[in-house]
Amino acid sequence: MDKLALLGGTPVRPRPLPYARQTIEPGDLGAVSEALTSDWITQGPTLARFERALADRATVKHAVAFTNGTAALHAACWAAGLGPGDRAITTPLTFAATANAVVYQGARPVFADIDATTLNLDPDAVKRVATPRTRVVLPVDFAGLPCAYDRLLPLAREHDWIVIADAAHSLGGTYGGRPVGALADMTTLSFHPAKLITTGEGGAVLTDREDLAERLRTMRHHGIRYPDQAHPWRYEIAELGNNYRLTDFQAALGLSQLKKLDGFWQRRDRIARRYRERLVSSAFVELPALPVGQRHGWHLFVILLRLDRLSADRDTVLQALRAENIGATLHYELVYRHPIYRERFKYGPGLCPVAESVEERLVTLPLFPTMTLEDQDDVLRALDKVFTHYAR
């Protein structure tokens with residue numbers, strides 16, 4: 001048996017393999033250069049074209065771009081009218097920005113447990129934690145798998161809740177044949193370099209509702225409204241907004257990347273399916289469900305360790321993989337475990353037992369479009385090496 005690199009052995013590969021990496025090609029550089037030398041480098045025609053292309057891709061009427069995915073989430077909560085005393089139900093298995101956006105509005109995030117097979121928000125758990133103060137449900141398409149919108153939307157309509165889908169992971173995915181972006185009242189996207197497409201930093205909110213789109217545009221521009229069309233230099237601010245405007249040169253990169261989304265997705269899908277083929281029979285791993293009728297966005301490829309068959313915990317496995325130069329990581333520490341949520345909202349252990357059981361077994365493996373099959377073989381060899389060492 002090869003000695004683990006963690007214990008002084010030779011790593012399976014000489015250089016680190018990251019868990020994610022942006023794909024920037026010559027056409028992207030040309031698009032950005034053209035935008036930078038145009039008359040508009042912010043809030044100009046390139047931004048408008050990018051927003052139109054996003055909306056068309058998602059088959060919705062409106063796309064409103066923002067500086068990043070967190071700003072998009074904040075703007076969606078603002079547009080929904082969340083405020084002090086309100087409640088928004090979300091998942092604990094997400095990056096904290098999802099819940100933070102609720103807190104920014106003075107509202108309280110309420111965490112519902114997840115489905116043990118899909119790792120997405122459990123609609124039955126949503127019912128259990130709902131109260132008369134609930135105004136928003138904020139599901140997250142974890143890793144790229146769209147949530148159970150066929151159950152969440154009727155529940156929301158019954159109680160007059162707004163559904164804000166955090167689709168930072170799932171652009172390019174579908175649910176029941178409908179594209180991500182057309183599945184909720186508002187859908188937020190992220191264009192961080194690790195995501196399906198990138199603008200460097202950036203985000204957007206997609207919606208079919210004219211009233212919400214207008215509020216989103218107002219929010220990203222300081223809350224400014226122009227009530228007097230005859231005097232366009234006059235404006236008023238009735239609510240505090242923010243400066244969340246995306247530049248035209250970032251939008252140019254986004255436009256160029258959006259044209260390649262299907263190709264990027266196909267490469268991710270090939271790698272993800274090969275992982276599943278190789279790991280489905282592993283004694284040390286469980287794989288999240290891949291339901292029929294849903295197209296996974298494959299932002300992340302996650303596995304669940306069979307800790308009952310290993311003499312190491314998740315963190316030790318991650319340390320061992322990283323020592324082998326495999327950039328495995330964790331998505332995510334449960335939001336309510338963070339000190340600010342423990343101290344401010346008095347959340348503690350046992351709040352979402354399924355999510356807590358899942359989180360202690362989660363590992364994210366490298367997945368990005370330019371990853372080679374040889375890179376993936378290195379990941380699989382490292383897993384075999386680590387599992388063999390720690391097998392009970």
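Index from 1, following the sequence.
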Answer yes when [X] and [Y] have at least one side-chain N-carboxylate O distance shorter than 4.0 Å, and no when they do not.
X: D377; Y: R274; answer: yes
X: R392; Y: D308; answer: no
X: R314; Y: E360; answer: no
X: D313; Y: R361; answer: no
X: E51; Y: R220; answer: yes
X: R381; Y: D378; answer: yes
X: E210; Y: K61; answer: no
X: R215; Y: D211; answer: no
X: R151; Y: D115; answer: no
X: R13; Y: D375; answer: yes

Using modelled atom types only, decide if a donor and an acceptor are shared between the side chain of [X] and the backbone of [Y] within a distance under 3.5 Å.
X: E359; Y: E333; answer: no
X: T218; Y: E214; answer: yes
X: D228; Y: Y235; answer: no
X: N68; Y: A71; answer: yes
X: R342; Y: R337; answer: yes
X: D248; Y: Q43; answer: yes

Exercise. Given the rule in the side chain to side chain contact (heavy atoms under 4.5 Å, CB included) test, do F301 and I271 qualify, once you have shown the distances and angles that lead to the verdict?
Worked result: CA-CA 9 Å; F301 189 90; I271 295 166; over 6 Å; no
Problem set entry | Contacts of H299 that satisfy ring pair (Phe, Tyr, Trp, His ring centres under 6.0 Å) - sequence neighbours left out | H169
Problem set entry | By ring pair (Phe, Tyr, Trp, His ring centres under 6.0 Å) - contacts of F345 (at least two apart) |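 Ring pair (Phe, Tyr, Trp, His ring centres under 6.0 Å) check on F345 returns Y341, Y347.
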Should we say atom [atom1] of [X] is surrounded by more than 12 heavy atoms from elsewhere, each under 6.0 Å from it?
X: D39; atom1: CG; value: no
X: R108; atom1: CZ; value: yes
X: K259; atom1: NZ; value: no
X: E34; atom1: CD; value: no
X: Y149; atom1: OH; value: yes
X: R133; atom1: CZ; value: no

For this session: Indicate, with yes or no, if the rings of H74 and Y244 have centres closer together than 6.0 Å.
Result: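 Under 6.0 Å, so yes.
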Hey, could you give me the [atom1]/[atom2] distance between [X] and [Y], rounded to the nearest 0.5 Å?
X: K195; Y: L189; atom1: NZ; atom2: CG; result: 10.5 Å
X: I164; Y: T188; atom1: CD1; atom2: OG1; result: 8.0 Å
X: L380; Y: K385; atom1: CG; atom2: NZ; result: 14.5 Å
X: T90; Y: L138; atom1: OG1; atom2: CG; result: 4.5 Å
X: D166; Y: T187; atom1: CG; atom2: OG1; result: 9.5 Å

Exercise. Hey, mind stepping through I197 and F264 against side chain to side chain contact (heavy atoms under 4.5 Å, CB included) and telling me if it holds?
Worked result: CA-CA 8 Å; I197 64 170; F264 288 164; 4.3 Å; yes
Of the non-hydrogen atoms in [X] and [Y], which two are nearest, and what is the gap between them?
X: I326; Y: A382; answer: CG1-CB, 3.6 Å
X: D141; Y: C147; answer: OD1-N, 3.0 Å
X: L365; Y: I303; answer: CD1-CG2, 4.1 Å
X: E356; Y: G350; answer: OE2-N, 2.7 Å
X: P92; Y: I114; answer: CD-CG2, 4.3 Å
X: L300; Y: L367; answer: C-CD2, 3.9 Å

Exercise. Does one side chain, of H331 or T364, offer a donor that lies under 3.5 Å from an acceptor on the other?
Worked result: yes
Exercise. Looking only at side chains, do N242 and Y104 share a donor and an acceptor under 3.5 Å apart?
Worked result: no
For this session: Check the pair L7 / H389 against side chain to side chain contact (heavy atoms under 4.5 Å, CB included), numbers first and verdict last.
Result: CA-CA 11 Å; L7 303 177; H389 181 88; 3.6 Å; yes
Problem set entry | Working for side chain to side chain contact (heavy atoms under 4.5 Å, CB included), residues T134 and H159 | CA-CA 9 Å; T134 302; H159 296 282; over 6 Å; no
Exercise. Under the salt bridge (charged side-chain N to carboxylate O under 4.0 Å, His left out) criterion, do D150 and R178 qualify, and how do the steps go?
Worked result: CA-CA 11 Å; D150 62 334; R178 299 179 66 203; over 6 Å; no
Quick one: are [X] and [Y] in side-chain contact, heavy atoms under 4.5 Å?
X: L145; Y: Q294; answer: yes
X: E239; Y: W78; answer: yes
X: E201; Y: F191; answer: no
X: L334; Y: L93; answer: yes

For this session: Give the intermediate values and the outcome of side-chain hydrogen bond (donor to acceptor under 3.5 Å, both in side chains) for residues H62 and R209.
Result: CA-CA 8 Å; H62 305 281; R209 286 178 49 176; over 6 Å; no
For this session: Determine the interplanar angle of the H296 and W298 rings, folded into 0 to 90°, and report it as parallel if under 30°, tilted if 30 to 60°, perpendicular if over 60°.
Result: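 Parallel: the ring planes of H296 and W298 meet at under 30°.
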Exercise. Between W161 and R135, is there a cation-pi geometry (under 6.0 Å to ring centre, at most 45° from the normal)?
Worked result: no
Exercise. Can R295 be said to sit on top of W265's aromatic six-ring, NZ or CZ under 6.0 Å from centre and within 45° of the ring axis?
Worked result: yes
For this session: Could you go through the side-chain hydrogen bond (donor to acceptor under 3.5 Å, both in side chains) check for T247 and Q250 one step at a time?
Result: CA-CA 5 Å; T247 66; Q250 288 174 292; 2.9 Å; yes
